[in-house]
K.L.:
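Provided herewith is a single structure, encoded as structure tokens, for subsequent inquiry.
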Amino acid sequence: MATGFHEKKEKSLLRLSLFMATVFVFVAFGFALITQSGAILFDGVYSLIPFFMALLTLKVANLVQLPDDDRFHFGYTAIEPTLNLFKSLIIIATCLYAVIDAVNSLFTGGNGAKYGFAMAYGLFATVGCFGVAAFMKFHSKSLRSDLVKVDAHTWLVDGILSASILLGFAIAYFLEKSVYVIYAPYVDPILLIVLGLCILPIPGKIMLDSLKEVINKAPPEAVSLVIEKKLKQSLSAVPFEHVEVRISKSGRDIYLLVHIIVDESFGLTTITELDDIRKRSEAIMRQWNPSILMDILFICDPDLAD
């Protein structure tokens with residue numbers, strides 16, 4: 001498929017995410033006013049985050065397609081993990097605030113809510129969020145886009161949040177109809193605490209993964225070994241003593257700086273022949289993984305590869 005198709009598909013998915021986030025923000029805040037539920041208000045605030053983030057994400061999606069220029073010599077792909085890092089930090093801060101607010105509510109008698117309406121919201125939000133997450137996940141499989149991948153994770157977390165809200169409100173609704181009615185006001189804050197703490201690991205993992213890319217950390221050794229093995233196979237016709245590879249991932253791109261330490265039998269004499277080796281190796285690597293970008297240097301002194 002042409003690259004243009006992937007770009008259009010990525011932007012189409014991100015626009016869908018923006019539209020659905022807008023819908024969920026209005027619905028959540030409307031039901032929060034009707035039910036007086038802190039959990040629904042938190043769900044609305046959580047939906048507000050993807051709304052504003054989607055605006056930024058669309059801008060970044062345009063930028064990362066641009067070639068390198070005088071301002072960004074290595075292109076704009078580094079903006080992608082930076083945005084994902086920012087997203088995760090905002091979500092973490094929101095979860096922590098919700099947990100602290102819910103703890104305070106517990107000590108002040110809890111928070112009553114209109115649980116019948118709240119269950120209707122929970123059902124709508126659960127089905128909607130899981131539906132968007134599944135749609136984004138399915139259509140992102142053919143794309144090299146961390147932006148869409150993280151967006152799908154965000155909707156999945158929102159779906160889990162909404163499903164938990166639905167379950168909690170169902171419990172509170174039946175408590176109100178039973179002899180345990182005095183415990184019903186505590187369901188809403190307890191729900192907030194559980195949800196906030198359970199959600200934290202997901203943006204936490206996104207934060208750590210994005211931070212590794214921002215600080216240019218090498219990928220895990222298992223990933224590096226696979227890349228190095230494939231690279232050596234692409235250089236099977238070249239008599240070399242050793243290949244030193246430095247690997248970094250920035251957004252959708254995996255950059256390889258390759259030092260080929262050649263031995264005395266390396267008899268090529270023209271730059272054109274070296275260029276042919278580079279082109280052949282890069283073509284094989286990009287056919288295997290289109291995310292790969294490479295620079296190859298030929299040297300005799302191993303110290304120059306350090």
Side-chain angles (χ1 to χ4, degrees), residues 3 6-7 10 60-86 143-147 149-150 205-306:
T3 303
H6 290 284
E7 293 171 4
E10 179 185 54
V60 171
N62 289 324
L63 285 175
V64 295
Q65 304 295 340
L66 298 177
D68 54 85
D69 54 29
D70 291 338
R71 290 190 305 160
F72 291 86
H73 292 181
F74 293 94
Y76 291 80
T77 53
I79 298 176
E80 198 168 351
T82 305
L83 175 63
N84 290 333
L85 176 62
F86 181 59
L143 300 176
R144 297 188 300 118
S145 174
D146 284 348
L147 294 176
K149 183 179 178 182
V150 170
K205 183 179 184 304
I206 293 172
M207 179 191 71
L208 292 176
D209 289 343
S210 300
L211 182 60
K212 290 175 184 177
E213 293 187 23
V214 170
I215 64 175
N216 218 21
K217 184 178 180 181
E221 186 177 358
V223 176
S224 298
L225 288 174
V226 172
I227 293 175
E228 290 180 20
K229 180 180 179 181
K230 190 67 180 179
L231 177 65
K232 289 178 180 178
Q233 290 174 353
S234 74
L235 297 168
S236 58
V238 180
F240 60 82
E241 291 185 350
H242 179 64
V243 175
E244 186 71 32
V245 187
R246 287 182 172 83
I247 307 170
S248 68
K249 183 179 184 296
S250 182
R252 62 197 64 198
D253 292 337
I254 300 173
Y255 175 67
L256 310 183
L257 176 59
V258 184
H259 286 87
I260 301 177
I261 304 168
V262 297
D263 56 26
E264 294 180 357
S265 63
F266 189 75
L268 301 183
T269 57
T270 67
I271 299 297
T272 301
E273 291 175 291
L274 296 179
D275 286 346
D276 289 340
I277 294 174
R278 293 187 182 99
K279 291 175 183 177
R280 184 166 59 250
S281 176
E282 186 166 8
I284 293 172
M285 293 299 291
R286 286 183 63 81
Q287 185 177 17
W288 173 63
N289 187 339
S291 305
I292 288 177
L293 302 173
M294 295 171 55
D295 281 320
I296 299 178
L297 303 175
F298 296 89
I299 59 176
C300 291
D301 188 350
D303 293 337
L304 293 176
D306 294 336

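Numbers for residues simply follow the sequence, beginning at 1.
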K.L.:
Give me the atom names and distance for the closest heavy-atom approach of Val243 to Lys232.
P.N.:
CB-CE, 4.3 Å
K.L.:
With a 4.5 Å cut-off on side-chain heavy atoms, are Leu257 and His259 touching?
P.N.:
yes
K.L.:
Could you go through the salt bridge (Lys or Arg N to Asp or Glu O under 4.0 Å) check for Lys279 and Asp275 one step at a time?
P.N.:
CA-CA 6 Å; Lys279 291 175 183 177; Asp275 286 346; 5.8 Å; no
K.L.:
Say you draw a straight line from CD1 of Ile261 to CD1 of Ile299; how long is it, rounded to the nearest 0.5 Å?
P.N.:
4.5 Å
K.L.:
Evaluate the side-chain proximity of Ile277 to Phe298: yes if any heavy-atom separation is below 4.5 Å, no if none is.
P.N.:
yes
K.L.:
Among Arg246, Glu228, Met294, which residue meets the side chain to side chain contact (heavy atoms under 4.5 Å, CB included) test with Leu256?
P.N.:
Met294
K.L.:
Do Met285 and Leu231 have side chains that approach each other closer than 4.5 Å (heavy atoms only, starting at C-beta)?
P.N.:
yes
K.L.:
Which atom pair, heavy atoms only, marks the closest approach of Arg286 to Ile292?
P.N.:
NH1-O, 2.6 Å
K.L.:
Got a second to check how far Ser210's OG is from Lys205's NZ, nearest 0.5 Å?
P.N.:
9.5 Å
K.L.:
Should Val245 and Ile247 count as side-chain neighbours, where that means a heavy-atom distance under 4.5 Å?
P.N.:
yes
K.L.:
Quick one: does Ile260's side chain get under 4.5 Å of Leu297's, heavy atoms only?
P.N.:
no
K.L.:
Report the C-alpha distance between Glu244 and Val258 in whole Å, list the side-chain angles of each, state the deciding distance to 0.1 Å, and finish with yes or no for side-chain contact (heavy atoms from CB on, under 4.5 Å).
P.N.:
CA-CA 6 Å; Glu244 186 71 32; Val258 184; over 6 Å; no
K.L.:
Hey, what do you get for CG (Leu235) to CD1 (Ile296), rounding to the nearest 0.5 Å?
P.N.:
6.0 Å
K.L.:
Calculate, to the nearest 0.5 Å, the distance between atoms CD and CD belonging to Glu282 and Gln287 respectively.
P.N.:
13.0 Å
